[in-house]
*Asks:* 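Please read through the structure below; I'll follow up with questions.
Bear in mind that the values here come from a model prediction, so they are computed numbers and not experimental data. Letters A, B, ... are given to chains in the order of the sequence lines, protein chains preceding strands, and every chain is numbered from 1.
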Protein chains: 2
Amino acid sequence: MASTAADTVKKTGYHHGSLREALIDAAHELVSVSGTDGFTMADACRAAGVSTAAPYRHFSDREDLINALASKGFTILSERTQTALDAHPLGSTEAIIAMGQAYVQFAIDESALFRIMFGRPGHTHDGPVDSECFGILLKAVENFLSVHPALKQPVMSVAVPLWTIVHGAASLLIDQNFAVMAPDTDVDALVAETTQRFLTGVLAEAGQS
Amino acid sequence: MASTAADTVKKTGYHHGSLREALIDAAHELVSVSGTDGFTMADACRAAGVSTAAPYRHFSDREDLINALASKGFTILSERTQTALDAHPLGSTEAIIAMGQAYVQFAIDESALFRIMFGRPGHTHDGPVDSECFGILLKAVENFLSVHPALKQPVMSVAVPLWTIVHGAASLLIDQNFAVMAPDTDVDALVAETTQRFLTGVLAEAGQS
DNA sequence: CTTGAATGTTAGCATCACTTACATATGTTA
DNA sequence: TAACATATGTAAGTGATGCTAACATTCAAG
């Protein structure tokens, strides 16, 4: 975690100064420790040192605060995947794999955030931040396809499966389903091998190697 | 849903007769309608026509009831995947794909159940039912591998990626992430194509076609 | 300096999960 | 059948929760 609730500008007297951010940071910490459901408004208020009514000046309700947290998560995830991409040649298989591994690593490091971002059916995505996140994947796939001119597949027909693979790996891992059913799973290797095999299959469709 | 809370043996006088099952069915319905979190003990009690203290004669707490629901889910999922497998030749690629599609279809039909089964980090799996569920996949992969003798891969190195693919597809779909980012996604085709490409990649490793 | 908007507080509501003490039914044994 | 232990229900209460309403304080613009 980059910042903590304690880091956030302290309350001085009657007014807090930056309650909104302090509450988001507090929620982030609480959620990281106690899980997505283990977070209560009251706890966040105690952490920020304000009364239990104060948050409602900044957030319409509990879900509104959680949505703000989700946006923060998408911003972090975008940074992480972009950084991973930039470390490898444009359009290379390694770049695609590294991006996928960064996605999974984010899910590990920020599992509560990850669940909040992707695991709430009714979540109203606020466009910009998460579209940008998906856009990074699309761009990467476009670059991959342009390196292999024989491939005629639409970008989405490659991007969506890739997302599916890494999201499945991340979800199964952080919800401890591997721990129960396949405890020896090395998730980095899983992502690398599965992505590699998938891309091999894609190239095979075009008669490439 | 096969049964409803209303179906369950009615309460006659002081004693209910089958409160445990009635509560599980009620929870199943509530969760299907209002989502995993939208379920309260109080609602389940109202549906079953008992006081709010009654459930605690049958379940230690709320989570215990939810665990019972999860077990029910694993039983249903096992039936579904086994049925899908049985409809295709032993060890065929079609069988593997059909099983994956059945997994995703279950997630669609019983999304709340699916989340309860796989989406709770602290969930204490009760062995039998969910191990059996995973065992069906393992058996299917064993059959696939024995049809392709050149393949030397361990069962798990094929089974885990397959699980990853279908779980990713199911999760992204039911949590409406496709609806936001990739609205045109046909999840049956996604599973079929991705599985096919992955298996092509696996076969390529052994120099097969 | 005044005044209005922003941001905080206190007190309270309805609901929730869960507990305790008590009531009723069931079934086994005499 | 009578008596009793056990299983299963109820009523009432506890502390916590999300959220609201009414009121208090501070800030910032004229």
Side-chain angles (χ1 to χ4, degrees), chain A residues 5-6 8-31 33-70 112 116 120 122-124, chain B residues 5-6 8-31 33-70 112 116 120 122-124:
Chain A
T8 311
V9 180
K10 288 297 196 310
K11 165 172 178 166
T12 60
Y14 197 87
H15 282 96
H16 184 285
S18 52
L19 222 207
R20 193 188 149 86
E21 286 179 16
L23 287 171
I24 293 176
D25 288 346
H28 189 176
E29 258 187 273
L30 288 168
V31 136
V33 173
S34 315
T36 311
D37 296 338
F39 151 72
T40 68
M41 285 284 129
D43 285 339
C45 291
R46 278 185 277 274
V50 294
S51 73
T52 58
Y56 299 94
R57 297 293 178 193
H58 301 272
F59 304 96
S60 61
D61 56 11
R62 185 176 182 274
E63 190 174 336
D64 193 28
L65 206 183
I66 295 179
N67 283 341
L69 238 190
I116 287 173
R120 294 176 307 142
H123 178 207
T124 48
Chain B
T8 312
V9 181
K10 289 295 195 314
K11 164 172 181 166
T12 59
Y14 198 87
H15 282 94
H16 184 287
S18 52
L19 223 207
R20 192 188 151 87
E21 286 179 16
L23 287 172
I24 293 177
D25 288 347
H28 189 176
E29 258 188 272
L30 288 167
V31 136
V33 172
S34 315
T36 310
D37 295 338
F39 151 73
T40 68
M41 286 284 131
D43 284 339
C45 290
R46 277 186 279 272
V50 295
S51 72
T52 59
Y56 299 95
R57 296 292 179 194
H58 301 272
F59 304 97
S60 61
D61 56 12
R62 185 176 183 276
E63 190 174 337
D64 193 29
L65 206 183
I66 295 179
N67 283 341
L69 238 189
I116 287 173
R120 295 176 307 142
H123 177 207
T124 47

*Asks:* Find the distance D37(A):CG to dA17(C):P and express it as a whole number of Å.
*Replies:*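 Computing the D37(A):CG to dA17(C):P distance gives 13 Å.
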*Asks:* Give, for atom CZ of R120(B) and atom CG of D37(A), the distance between the pair rounded to the nearest 0.5 Å.
*Replies:*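 Those atoms lie 10.5 Å apart.
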*Asks:* Could you tell me how far apart D64(B) (CG) and dA17(C) (P) are, to the nearest whole angstrom?
*Replies:*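 Computing the D64(B):CG to dA17(C):P distance gives 14 Å.
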*Asks:* OP1 or OP2 of dA6(C) versus the side-chain N and O atoms of R20(A): is any pair under 4.0 Å?
*Replies:*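 It does not, given that no N or O in the side chain of R20(A) lies less than 4.0 Å from OP1 or OP2 of dA6(C).
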*Asks:* Choosing from dC18(C), dT8(D), dT10(C), which nucleotide comes nearest the side chain of H58(B)?
*Replies:*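 Looking only at heavy atoms from C-beta outward on H58(B), the closest nucleotide is dT8(D).
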*Asks:* Do the side-chain N or O atoms of R46(B) get closer than 4.0 angstrom to the phosphate oxygens (OP1, OP2) of dC16(C)?
*Replies:*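 It does, given that an N or O in the side chain of R46(B) lies less than 4.0 Å from OP1 or OP2 of dC16(C).
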*Asks:* Under the salt bridge (charged side-chain N to carboxylate O under 4.0 Å, His left out) rule, collect the residues that match up with R20(B), sequence neighbours excluded.
*Replies:*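 Counting only residues at least two positions away or on another chain, R20(B) forms no salt bridge (charged side-chain N to carboxylate O under 4.0 Å, His left out).
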*Asks:* How many Å lie between CG on L23(B) and P on dC18(C), as a whole number?
*Replies:*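 Result: 13 Å.
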*Asks:* Of the nucleotides dC16(C), dT19(C), dT17(D), which has the atom closest to the Y56(B) side chain?
*Replies:*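 Within the option list, the nearest is dT19(C).
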*Asks:* To the nearest Å, how far apart are L19(B) CG and dA25(C) P?
*Replies:*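 Those two atoms, CG and P, are 15 Å apart.
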*Asks:* From the list dA11(D), dC18(C), dG18(D), which nucleotide is the closest neighbour of the side chain of A53(B)?
*Replies:*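 Looking only at side-chain atoms, A53(B) lies closest to dA11(D).
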*Asks:* Does a nitrogen or oxygen in the side chain of T40(B) sit under 4.0 Å from OP1 or OP2 of dC16(C)?
*Replies:*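 Answer is yes, contact under 4.0 Å.
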*Asks:* If you check every side-chain atom of A54(A), which of dT17(D), dG18(D), dT9(C) has the closest atom?
*Replies:*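 So the side chain of A54(A) is nearest to dT9(C).
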*Asks:* Between F59(A) (CZ) and dA6(C) (P), how many Å, whole number?
*Replies:*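 About 17 Å, once rounded to whole Å.
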*Asks:* For a side chain to side chain contact (heavy atoms under 4.5 Å, CB included) with H58(A), tell me which candidate from L65(A), L19(A), I24(A) qualifies.
*Replies:*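 Checked L65(A), L19(A), I24(A) against H58(A); only one passes side chain to side chain contact (heavy atoms under 4.5 Å, CB included): L19(A).
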*Asks:* Which atom pair, heavy atoms only, marks the closest approach of L30(A) to T40(A)?
*Replies:*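 Minimum heavy-atom separation between L30(A) and T40(A): CD1-O, 4.4 Å.
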*Asks:* Supply the atom-to-atom distance D43(B) CG to E29(B) CD, rounded to the nearest 0.5 angstrom.
*Replies:*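 One finds 12.0 Å between CG of D43(B) and CD of E29(B).
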*Asks:* Please state how far atom CG in D61(B) lies from atom P in dA17(C), giving the value in whole angstrom units.
*Replies:*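 Nearest whole value for this atom pair: 11 Å.
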*Asks:* In this structure, how many angstroms lie between the P atom of dT9(C) and the CE atom of M41(A), rounded?
*Replies:*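 Answer to the nearest Å: 15 Å.
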*Asks:* How many Å lie between CG on L65(B) and C1' on dC16(C), as a whole number?
*Replies:*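 For the pair L65(B) CG and dC16(C) C1', the rounded distance is 15 Å.
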